[in-house]
Amino acid sequence: ATTVATTKSQPRSGIAQEILNLALKSPLWTYVLVPQARASIVKTAEKNGIKWNQAKQWLNKQITIKDYSEVTYPEYYKQSFHAYSDGNLSYDAAVEQELASRAVGARNFPQFGEKGEDVFRGAFDKALSELGANICHSNESTTEKVIVDMGCGTGTSTRRLAKQYPEVDRLIGIDLSPYFVDVGNTLLKITPGTIAEKGEQGGGWITAVQSDERIELQQGDMANCNSIRSNSVSVVNLSLVIHELPTSAAMQVIQEAHRILQ
């Protein structure tokens with residue numbers, strides 16, 4: 001059995017949160033609003049040349065289903081999330097993560113269509129560099145140049161960091177969901193090209209994925225990175241993560257990032 005150290009965190013509170021909690025428990029949410037939201041995002045994807053259904057079907061065929069029922073999680077992570085009843089704890093959510101991200105990028109940056117996500121994430125890449133996220137020289141506590149990507153999901157941000165920092169020795173992606181990590185490692189292993197470039201037989205995924213031996217996607221709690229030494233990491237990346245956490249968990253994650261940074 002695999003056990004993840006639990007984070008003692010309290011959910012967000014207040015009148016607005018109570019109203020939201022009631023709405024999430026309502027049949028209206030489950031049987032009306034969620035299907036409508038899903039249909040809308042899939043329609044947006046397909047309209048912008050993102051072959052949602054085709055790509056999802058293709059990736060599902062590449063995955064060997066594993067049983068992660070023995071893994072334990074913080075309580076906040078067991079809730080319904082992003083219109084999935086099991087939150088991030090399912091293969092369905094994991095397979096659709098990069099599809100949804102691509103579709104949201106197209107929706108928010110319509111002038112760029114299917115490339116909207118690249119524009120959005122490119123702004124993060126630029127900001128990271130401008131903030132001074134440089135790869136430090138080795139010191140007495142480490143002989144490696146390391147980047148840690150907290151809340152890596154299926155590794156979209158980790159793969160971008162690998163391209164942005166070719167001089168780094170290791171890139172460690174950490175995510176609580178073993179399903180997301182499994183899908184991310186599958187993509188790295190099979191290295192699909194885009195549908196447009198290679199066609200269905202050549203790998204029917206929405207983006208080109210390059211293999212990189214420096215990338216290690218791991219399942220674990222980013223609030224307790226016990227396997228990573230203090231003062232040993234050049235860059236810690238937190239992209240599209242903190243706003244989804246309870247405040248107390250977010251604070252622990254930030255403290256852990258500070259601990260491992262050089």
Side-chain angles (χ1 to χ4, degrees), residues 4-5 7 9 74 77 88 97-98 101-102 104-105 117-178 180-185 187-189 191 207-245 247-262:
V4 179
T7 303
S9 60
Y77 204 71
N88 287 341
Q97 189 232 310
E98 295 196 24
S101 182
R102 206 75 179 165
V104 169
E117 182 194 21
D118 296 324
V119 175
F120 177 61
R121 290 185 181 273
F124 279 82
D125 299 340
K126 184 173 183 288
L128 194 62
S129 178
E130 290 176 347
L131 286 168
N134 299 313
I135 306 304
C136 300
H137 294 292
S138 302
N139 59 24
E140 64 276 5
S141 65
T142 180
T143 58
E144 290 185 305
K145 299 174 182 178
V146 180
I147 289 177
V148 173
D149 187 19
M150 290 183 166
C152 66
T154 57
T156 304
S157 52
T158 321
R159 299 194 302 264
R160 292 187 70 93
L161 287 165
K163 291 181 179 180
Q164 186 170 358
Y165 296 98
E167 71 272 32
V168 76
D169 297 312
R170 295 174 66 200
L171 297 103
I172 303 172
I174 301 173
D175 201 275
L176 265 170
S177 173
F180 279 60
V181 170
D182 189 7
V183 169
N185 281 325
L187 287 171
L188 284 170
K189 181 179 180 180
T191 59
T207 58
V209 178
Q210 296 179 345
S211 178
D212 194 320
E213 294 182 354
R214 299 173 301 155
I215 297 177
E216 305 169 25
L217 302 183
Q218 305 174 0
Q219 190 268 339
D221 190 345
M222 58 187 176
N224 296 279
C225 304
N226 297 324
S227 63
I228 302 176
R229 297 193 309 273
S230 299
N231 188 34
S232 65
V233 175
S234 292
V235 175
V236 175
N237 183 59
L238 278 159
S239 177
L240 308 176
V241 176
I242 289 294
H243 69 287
E244 297 177 344
L245 300 178
T247 304
S248 53
M251 290 298 295
Q252 289 188 341
V253 169
I254 292 170
Q255 290 168 359
E256 189 71 344
H258 184 266
R259 178 186 70 81
I260 65 177
L261 273 171
Q262 288 178 332

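All figures in this text were calculated on a predicted structure; none of them were measured in a lab.
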Inset, instruction - Output the distance between atom CE (Met150) and atom CG (Asn237), rounded to the nearest 0.5 Å. - result: 10.0 Å
Inset, instruction - Output yes when a side-chain donor or acceptor of Arg159 lies under 3.5 Å from a complementary backbone atom of Val209, and no otherwise. - result: no
Legend entry - Nearest heavy-atom neighbours spanning Leu217 and Cys152: CD2-SG, 4.1 Å
Legend entry - Minimum heavy-atom distance Ser230-Arg259, with the two atoms named: OG-NH1, 2.9 Å
Inset, instruction - Evaluate whether atom CD of Glu213 has more than 12 neighbouring non-hydrogen atoms of other residues, nucleotides or ligands under 6.0 angstrom away. - result: no
Legend entry - Side chain Ser157, main chain Ser239, donor-acceptor under 3.5 Å: no
Legend entry - Residues Arg160 and Asp118 bridged, charged N to O under 4.0 Å: yes
Inset, instruction - Without swapping roles, check the side chain of Asp149 against the backbone of Thr158 for a donor-acceptor pair under 3.5 Å. - result: yes
Inset, instruction - Working to the nearest 0.5 Å, report the span between NZ of Lys145 and CG of Leu171. - result: 13.0 Å
Inset, instruction - Compare every heavy atom of Gln210 with every heavy atom of Thr191, then report the nearest pair and how far apart it is. - result: CG2-C, 4.0 Å
Legend entry - Test side-chain contact (heavy atoms from CB on, under 4.5 Å) applied to Val104 and Phe120, step by step: CA-CA 10 Å; Val104 169; Phe120 177 61; over 6 Å; no
Legend entry - Between CD1 on residue Ile174 and CD on residue Gln219, distance to nearest 0.5 Å: 10.5 Å
Inset, instruction - Search all heavy atoms of Ile147 against all heavy atoms of Leu161 and return the closest pair with its distance. - result: CG2-CD1, 4.0 Å
Legend entry - Reported NZ-to-CG distance for the pair Lys189 and Asp182, which is rounded to 0.5 angstrom: 10.0 Å
Legend entry - For the student: nearest non-hydrogen atoms of Ala133 and Tyr165, plus distance: O-OH, 2.7 Å
Legend entry - Under 3.5 Å: donor-acceptor pair, side chain of Arg170, backbone of Glu216: no
Legend entry - Spacing of SG belonging to Cys225 relative to CD1 belonging to Ile172, to within rounding of 0.5 Å: 8.5 Å
Inset, instruction - Can you see which heavy atom on Glu98 is nearest to which on Thr207, and at what distance? - result: OE1-OG1, 4.3 Å
Inset, instruction - Decide side-chain contact (heavy atoms from CB on, under 4.5 Å) for Asp169 and Val146; before the verdict, give the C-alpha distance in whole Å, the side-chain angles of both, and the deciding distance to 0.1 Å. - result: CA-CA 6 Å; Asp169 297 312; Val146 180; 5.7 Å; no
Inset, instruction - Could you walk me through whether Leu128 and Asp125 pass the side-chain contact (heavy atoms from CB on, under 4.5 Å) test, one step at a time? - result: CA-CA 5 Å; Leu128 194 62; Asp125 299 340; 5.8 Å; no
Legend entry - Inter-residue atom distance Asp221.CG - Glu256.CD, 0.5 Å rounding: 8.5 Å
Legend entry - Donor-acceptor contact present, side-chain Gln97 to main-chain Gly153, <3.5 Å: no
Inset, instruction - Decide whether Thr156 and Arg121 meet the rule of one side-chain donor and one side-chain acceptor closer than 3.5 Å. - result: no
